[in-house]
Amino acid sequence: MAPQTRYARSGEMHIAYQVVGNGPIDILWIPTWIWQVEHMWQDAWTTRLLRDLGRFSRVILFDRRGTGLSDPVLGAPTLEEQMDDVVAVMDAVGSRQAAVVAMLEAGAMACLFAATHPERTRALVLYQAMPRMTSAPDYEWPPTREMRAEWTENMAKDWGSGARVIGFAHSTSEEFREWAGRLERLAASPGTALAFNRMLTEVDVRPVLPLIQAPTLLLDRPGDANIDGRHAGYLREHIPDSRLVELPGSHTLPFGPGQDDFLAEIEEFLTGTRRPHESERVLATVMFSDIVDSTRRAAEMGDRSWRDLLQSLEGVVGGELKSFRGQAIKTMGDGFLATFDGPARAIRCAAAIRDTAKSRFSLETRTGLHTGEVEVMGRDVGGLAVHIAARVIGQAGPGEVVVSNTVKDLVVGSGIAFEDRGEHELRGVPDRWRLWAVSG
């Protein structure tokens, strides 16, 4: 259950905030401006990360002035006004000093706050932060002012579709697309989004970096194509007592695959220790499915037409998963991974996707299924059952749904017929496995 939303008074403004956990350390989470404190709890990855932070701290969350549930403003607030809001929220919850954790463009405001209010800043954690977002003669790697202006105008045209968030995230599933679109709409109107991005074009906090007194942890994801790693390098060179740690993964947001590394670095930095990862294990039927001969089809159609087709197919897959109570885990180019709470539903869903892909898009798919215990990590899953399902799909031909013997045994009496495909060695999996192809 999400924590209760309350309001802090900052001058004439009301700032929405929440508190998670009751640990001995206060963490003040400064989010990107695309944020709404109540909607964030509708995403499993975000929920898990915030709860995990709350195991060793008291996490203070808020919506920045002009966004989410906080009072609206005309245009975009200045960094000074936003710092006033941080102080107001801290005072409202009785926090005299906090470890400030900021992500993306919020890192600039966090740097200014740490330099201006050293007595309120216990430590500073900056994730994919940027002290300046436009290029300058001595800071040449960000986009030019003209490039940012064009990008900002294009962003506003499809604001609310989820495209902005999805471009920074780990998933393109239909479920996540719906969540991301709603987040954009709840966080800001198109006009507010334009105002914030125009304001950010002018931000440059480089002069204050040497004045930061708090110990600082810099977290960078080199595999992320959206954020140039030279930002982190510059921060490392100019913030005293700072340390740079590189994280795995290629997505921009801290939530998603690899977020346990993000969490562990923060916990160790603030407490001196990191606790072992705790995971949830459940029984599930794992489905891997992909398009046969996708490389040739993509070359024939061209990139744009191929992307459009994949998006249309993704909508069909999302609808079928919902119909058969499947859970979309992630897409992988021309394929996807999903889980089910019942093997018969998984088989019928696979057949429905196969038939629709063939009839509507002239695409052949192949699917592999296995039932076993999986490790649930937010929206992601892992474990031997996932590995086996990934190997089973390798034994499937065009239009085939191939399952392990475990799946076949679990659907006895369902009326589903199978053809014996014999025993196989599955690379990286112990023993030999009997596989079956679904008939019809």
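Worth knowing before you read on, the calculation uses all heavy atoms, side chains too, and leaves out hydrogens, waters and symmetry mates.
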Calculate, to the nearest 0.5 Å, the distance between atoms [atom1] and [atom2] belonging to [X] and [Y] respectively.
X    : Y    : atom1 : atom2 : answer
N197 : E153 : CG    : CD    : 10.0 Å
T47  : M40  : OG1   : CE    : 8.5 Å
M90  : I60  : CE    : CD1   : 6.0 Å
T271 : I25  : OG1   : CD1   : 6.0 Å
R145 : T201 : CZ    : OG1   : 7.0 Å
M199 : L79  : CE    : CG    : 6.0 Å

Please report the shortest heavy-atom distance between [X] and [Y], naming the atom on each side.
X    : Y    : value
R206 : P131 : CG-CB, 3.9 Å
F269 : R243 : CD1-NH2, 4.1 Å
P31  : A106 : O-CB, 3.3 Å
T285 : A346 : CG2-CB, 3.6 Å
E184 : S161 : OE1-N, 3.4 Å

Sidechain N-carboxylate O distance under 4.0 Å for [X], [Y]:
X    : Y    : value
R122 : D26  : no
R296 : E300 : yes
K330 : E314 : no
R65  : D71  : no
D334 : R297 : no
D91  : R120 : yes

Whether the side chain of [X] engages the backbone of [Y] through a donor-acceptor N/O pair (distance < 3.5 Å, no angle test) should be reported.
X    : Y    : answer
S294 : D290 : no
Q128 : M103 : no
W159 : A188 : yes
T121 : A214 : no
D261 : L247 : no

Starting from the C-alpha separation in whole Å, work towards a yes-or-no answer on side-chain contact (heavy atoms from CB on, under 4.5 Å) for F62 and S70.
CA-CA 8 Å; F62 68 101; S70 292; 5.8 Å; no
Less than 6.0 angstrom separating the ring centers of Y127 and F262, yes or no?
yes
What about the rings of Y139 and H231, do their centers lie closer together than 6.0 Å?
yes
Heavy-atom count check: over 12 atoms from other residues, nucleotides or ligands less than 6.0 Å from N22 CG?
no
Is it the case that over 12 heavy atoms from other parts of the model lie below 6.0 angstrom from the CD atom of E80?
no
Is the shortest heavy-atom distance from the side chain of [X] to the side chain of [Y] under 4.5 Å?
X    : Y    : result
L426 : V392 : yes
Q18  : Q4   : no
H251 : R221 : yes
D220 : L244 : yes
E375 : V381 : no
R132 : V203 : no
R391 : H387 : yes
L104 : L253 : yes

Taking it one step at a time, do S242 and T216 satisfy side chain to side chain donor-acceptor pair (under 3.5 Å)?
CA-CA 4 Å; S242 62; T216 302; over 6 Å; no
Parallel, tilted or perpendicular: which describes the rings of W179 and H39, with under 30° parallel and over 60° perpendicular?
parallel
Under the side chain to side chain donor-acceptor pair (under 3.5 Å) criterion, do T339 and Q327 qualify, and how do the steps go?
CA-CA 5 Å; T339 59; Q327 176 68 47; over 6 Å; no
Tell me which one of I329, V374, V407, L369 satisfies side-chain contact (heavy atoms from CB on, under 4.5 Å) with V286.
V374
Go through the steps for E202 and R148 under the test salt bridge (Lys or Arg N to Asp or Glu O under 4.0 Å), then give the verdict.
CA-CA 11 Å; E202 307 302 323; R148 269 197 61 82; over 6 Å; no
Is it the case that [X] and [Y] place a side-chain donor and acceptor less than 3.5 Å from each other?
X    : Y    : answer
D84  : S10  : no
N226 : T252 : yes
E105 : T32  : yes

